[in-house]
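Heads up: the structure comes next, in structure tokens.
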Amino acid sequence: MVDIIVCVKRVPDTSEAEVIIKDDKRAIKDADLTFDINEWDNYAIEEAILKKEALGGKVTVIGVGGEEVNEVLRRCLAKGADEAIRLTDPAFDGSDGYAIAKILSAAIKDLQYDFVFTGAQAGDDSYGVTGQMLAEILGIPHATMVTKVDINNGTARIRRELEGGLEEVDEINKPAVFCIQTGLNEPRYVSIMGIRKVSKKEIPVKAAADIGISADEVGEVGSMVKLEEFSIPPAGELAEMIEGTPDEAAGKLAAILKEKGAF
Amino acid sequence: MAEIFVLAEHRQGVIRDVTFEMLGEGKKVAEALGADLTAVLLGSGVQDFAEKLKDWANKVIFVDDPKLENFNAEAYQKVLSSLISERKPVLTMIGNTSFGLDLAPALAVELKMPIATDCIGIEVDGGKVKVIRNIYSGKINARMSFRDDATQYMVTVRASAFPAPESAPGLGGAVESVASPLTEEIDYKKFIAYEEAAVGEVDITAADILVSVGRGIGDVENIPLAEELAKVLGGVVACSRPVVDKKWLPKPRQVGTSGKTVKPKLYLALGISGAFQHLAGMQASDLIVAVNKDPKAPIFSVANYGIVGDIMKVMPVLKDKITELKG
Amino acid sequence: METEIAENDFIQRYDLYGCIQCGKCTGGCPVSLKSPLNIRRLVNEATLLDPSEAAQGKADLIGDCTTCETGTLRCPNGVKPSEVVIGIRGVLIEQGEMPQTVQEALESAFTKGNPFGRAKNKRAEWAADLDVKNIADGDKADMLYYVCCEASYDPRAQDVAKSIVNVLKTAGVDFGILGNSEVCCGSEMRRLGEEGLFEELAENNMAQFNDLGIKHIVTTSPHCFNALKNEYADANFEVQHYTQLVSNLIDSDRLKFTKSVDKRVTYHDPCFLGKQNKVFDEPRNILRSIPGIEFVEFDRSHEKSLCCEGGGGRMWVDSESDANGRQSEVRVRDAAEMGVDIIAVACPFCMLTLEDAVKAEELEEKIQILDISELVNQAL
Ligand SMILES: Cc1cc2nc3c(=O)[nH]c(=O)nc-3n(C[C@H](O)[C@H](O)[C@H](O)COP(=O)(O)OP(=O)(O)OC[C@H]3O[C@@H](n4cnc5c(N)ncnc54)[C@H](O)[C@@H]3O)c2cc1C
């Protein structure tokens, strides 16, 4: 049996989309952006459900944010999570990774769990700190960039991804936080029918007061870092663009490669 | 005098590049802050490293302890929190690496010190430290400052964001050994072993020409298109990480921070957006050509030549044209 | 809306007792020759077994069906074999048995409103320089031009959207698009077996059409056309395929040709326009009206038109049967024998599969695949 809490975030997909900065330079325009569960979290929830399916136990998902977060929480429920909790309070707005970790820890500290899984980072602000900070606040160990989790009684044997194709094997006692790296499983599909089946399941909403955290510990005031402004990265020395139809461009490129002695 | 800490990162007997990149940048920041630059080194039997680092910093302090032989964030955290509490550096710089990210965020919380991760720029503005972070798939830079009441800061620095100086600036710092505060082994988190990702049939690091495909290749069925192109060029196929995640190509083909670092004569990036983890593994290539549907894909900022277009259309034609030109 | 599959409601849902196992469906099935899929047997199994048993081991096989509805057309008793295929795919989807490409297409349609994983805020990029009204942005127009995901994102299919825009403008039609707010019609999602996702997309689309007071829609793709016309519940708008509209424009002299296209042209009937909606004459009327075109028919035309295998979710599923040749290749070889210069198409899927086949058969020098709207444009 293993009880796992998974922290999930809803993020805009900006991999291909045009990203436009708002006039106040402190946010991006999200009108035409689409949102989804953070890619890393998607692997985290899958791993938790796989562990539950193998060992028994319970999976609880937690998300911070407004009602729109339900979308992501519902999908996690449909995938096989047992319960979802949404942490919502206007005071949470503007939280950095540290403030989010405080919010999560306030909600998690009273729950029953063996492990907490988070994504190794989020695709929007890329802080990559939430899980580690959460662990520190909860007073338990953690590991980041986790690419394999084997749970045996109270101990987990994990792999961490290092740079250059090297991995590290560690052993960690429960309770612990694992920040999950992509690629360690194959996240499942949930059909809309599956999501509809859980649409009636209630997702409790908790505000700052409900989890015993004061407004000055969260949001911008409770954060470590403050955003000054966004800008578009300087283009650097941009590539020379080869114009034309695919055929023409490929032809020109072939000529350039020949001239450069590539073949 | 005020002090800046740079935590030296080393693994399997090698000081990692990010250390020198941080020391290079740290020197500039130290000057702007009127502070000394101190390299901090933790490990077992690392005296030699300390000697090596002394020309890079005004001071090298090292903690030598068998319990620090392999990196363990828990042990490192204990040692560093004691060092930082005692010496109160204005700024502590740690690599934004697998090692640094396992360590720094929890350390910062313990010390109640504000931290900014994954920084690509560090500025000193009126005595205050500000950072630039690169977010939203590399499309936005965010300038961030720290909590107003902060007097000490921690940053993790993106690998390759700053160039390492060609040679040590010859600071000739004093080397100081500090006793380890660790009293016992950490028993709840243990390092077991390093494991190399399996070596595949091809060694992409040895190839002169790499035809590298990203998520834009769309499907495993399309990999042969890239293989054919590689064949006429006399190169081999490499890829970005999603391609490995999807099991379209084996792990040893992956270029980037969690894959291989390559430096071929020609790197053809097809349907790769150019996330920094990918760029880090290939930007030193002699000639980079990128083909991507998205004219704003960050890959174009490191490429020498670019084509905005569909790789599915470009790959076959390019293959034919090259075959033609080869005669 | 509950669409839960009960124990064995396949029989009722698809009226399977009507099946007399005559085998006419299999006899006409275009993929039965090259793939092990036997549609008669499949319907039989769906009658005798419960849905999950009927689906067992079918994951690959079922991928072969293009839902062209030849079987439906041929059935003497009104059974719809391709709906049974969709039902079984639905069971497989619920069990999570699907190729990764399908999973990604479904997820993308759900989160991004298109099955190609493309950014929503780039959907209308193709129209950036065209000065087209955007109804979703508040512009008023008599007619909505519903572009289709394929024509919005695929560079080749974008040419079709651009030529349709030009044709409509030339004829003085008052139309607009939805820009980045257009969302997938869900037709292909339904055929991949994701009925729930189809319903979700349909509901979102209906809500948007209603909000904007849209009464008249014209589509690029026969697939969108079919879905909007026959599968959207409570639709209170009129929908036309663009060939219907353009044929009218020609007949009412609103569109006049000034140039001649001196080519030998045949027409490939899209299943979703021809077989499934009996729109046979309008595309032909357009082609015959274009000065200079020498129009010839495929031997297999109208109801008997050979499916190109691009629809019914096949865009995301590779069929093992493709090793035995593709129908699109048969089609272009036939056309080559007929000595035509151009195969005219009226569907983005047909366009892409046939263009591929032209390359595979190395007929690029001989045969061109052009959308009817592109031919119209050439003659304006
Ligand atoms: C700790 C860590 C380590 C990592 N290590 C690595 C690593 O070693 N290597 C690595 O590569 N990544 C690594 N990543 C992942 C990295 O952040 C990116 O997610 C990844 O590099 C993106 O790969 P991509 O460019 O192939 O895909 P995407 O970012 O999805 O980009 C796909 C691109 O293809 C283009 N495209 C799509 N279709 C077509 C088409 N038909 N024709 C032309 N263009 C098309 C799109 O415009 C887009 O730009 C790591 C991440 C983390 C957190």
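Throughout, protein chains are lettered first and strands after them, A, B, ... in sequence-line order, and every chain is numbered starting at 1.
Nearest approach of B:Lys139 to A:Ala17, heavy atoms of both residues: NZ-O, 2.7 Å. The nearest pair of heavy atoms linking A:Gln132 to B:Leu101 is NE2-O, 2.8 Å. Scanning both residues, A:Pro246 and B:Val314, for their nearest heavy atoms gives CB-CG2, 4.2 Å. Of all heavy-atom pairs between B:Asp294 and A:Ser15, the closest is OD2-O, 4.4 Å. Contact record, B:Tyr305 with A:Ala239: C-CB, 3.9 Å, taken as the closest heavy-atom pair. Minimum interatomic distance between A:Glu228 and B:Ser145 (heavy atoms only, all atoms of both residues): OE2-OG, 3.1 Å.
Note that CG of B:Asp187 and CD of A:Glu171 are 11.5 Å apart. Values are rounded to the nearest 0.5 Å. Atom CE of B:Met144 and atom OG of A:Ser223 lie 8.5 Å apart (nearest 0.5 Å). To the nearest 0.5 Å, atoms CD (B:Gln77) and NE2 (A:His142) are separated by 7.0 Å. A:Ser231 contributes atom OG, which lies 4.5 Å from atom CG of B:Asn141 (distance to the nearest 0.5 angstrom). Taking CZ of B:Arg147 as the reference point, atom OH of A:Tyr98 lies at 7.0 Å (rounded to 0.5 Å).
Proximity to chain A (any heavy atom under 4.5 Å) is shown, for B:Glu110, by both the backbone and the side chain. For B:Asn304, the part lying near chain A is the backbone, with the side chain staying farther off; criterion is any non-hydrogen pair under 4.5 Å. In this structure, chain A has no heavy atom under 4.5 Å from any part of B:Tyr153. Neither the backbone nor the side chain of B:Thr261 comes within contact range of chain A, judged by heavy atoms closer than 4.5 Å. Interface remark: B:Lys265 contributes no atoms to any contact with chain A (heavy atom separation under 4.5 Å). In this structure, chain A has no heavy atom under 4.5 Å from any part of B:Lys293. For A:Met145, the part lying under 4.5 angstrom from a heavy atom of chain B is the side chain only. Proximity to chain A (any heavy atom under 4.5 Å) is shown, for B:Leu325, by both the backbone and the side chain. Of the atoms belonging to B:Ile307, heavy atoms from both backbone and side chain fall under 4.5 Å from chain A. Contact annotation for B:Asp208: neither backbone nor side-chain heavy atoms come within less than 4.5 Å of a heavy atom of chain A. In this structure, no portion of B:Lys319 lies under 4.5 Å from any heavy atom of chain A. With a threshold of 4.5 angstrom between heavy atoms, A:Ile158 does not approach chain B through any atom at all.
In terms of modelled atom types and a separation under 3.5 Å, the side chain of B:Arg11 and the main chain of A:Leu162 share no donor-acceptor contact.
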Handout entry: salt bridge (Lys or Arg N to Asp or Glu O under 4.0 Å) between A:Lys148 and B:Glu195, intermediate numbers included
Key = CA-CA 13 Å; A:Lys148 193 167 198 287; B:Glu195 274 183 32; over 6 Å; no
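In B:Lys313, the NZ atom is crowded: over 12 heavy atoms of neighbouring residues, nucleotides or ligands sit closer than 6.0 Å. The number of heavy-atom neighbours closer than 6.0 Å to CG of A:Asn153, taken from other residues, nucleotides and ligands shown, is 12 or below. Within 6.0 Å of atom NZ in A:Lys25, 12 or fewer heavy atoms from other residues, nucleotides or ligands are found, so the atom counts as exposed in its surroundings.
Residues A:Ile232 and B:Ile140 are in side-chain contact: their nearest non-hydrogen atoms beyond the backbone lie under 4.5 Å apart. Between A:Thr182 and B:Pro242, every side-chain heavy-atom pair lies at or beyond the 4.5 Å cut-off. Residues B:Gln12 and A:Leu166 form a side-chain contact, since some pair of their non-hydrogen atoms from C-beta on lies under 4.5 Å apart. Between B:Ser98 and A:Arg160, the closest side-chain pair of non-hydrogen atoms falls below 4.5 Å. Between A:Ile172 and B:Tyr188, the closest side-chain pair of non-hydrogen atoms is not below 4.5 Å.
For A:Lys226 and B:Asp148, the salt-bridge test passes: some basic side-chain N is under 4.0 Å from an acidic carboxylate O.
For residues 111-118 of chain B, a heavy-atom distance under 4.5 Å to chain A picks out B:Met113, B:Pro114, B:Ile115, B:Ala116, B:Thr117, B:Asp118, given by residue number. Scanning residues 248-263 of chain A against chain B with a 4.5 Å heavy-atom cutoff picks out A:Ala249, A:Ala250, A:Gly251, A:Leu253, A:Ala254, A:Ala255, A:Ile256, A:Leu257, A:Lys258, A:Lys260, A:Ala262, A:Phe263, ordered by number.
Counting heavy-atom pairs closer than 4.5 Å to chain B, the top-ranked of the candidates A:Ile140, A:Leu227, A:Val11, A:Asp124 is A:Asp124. With chain B as partner, the option from A:Arg159, A:Glu220, A:Glu243 having the largest number of non-hydrogen pairs under 4.5 angstrom is A:Arg159. Counting heavy-atom pairs under 4.5 Å between each of A:Leu134, A:Asn173, A:Val169, A:Val221 and chain B puts A:Val169 at the top. Counting heavy-atom pairs under 4.5 Å between each of B:Glu74, B:Lys321, B:Lys190 and chain A puts B:Lys190 at the top. Between chain A and the options B:Val289, B:Thr156, B:Asp320, heavy-atom pairs under 4.5 Å are most frequent for B:Val289. Residue with the most contacts toward chain A among B:Arg241, B:Lys246, B:Lys130, B:Lys326: B:Arg241 (heavy-atom pairs, distance under 4.5 Å). Top candidate by heavy-atom pairs under 4.5 Å with chain A, chosen from B:Val317, B:Asp102, B:Leu266, is B:Asp102.
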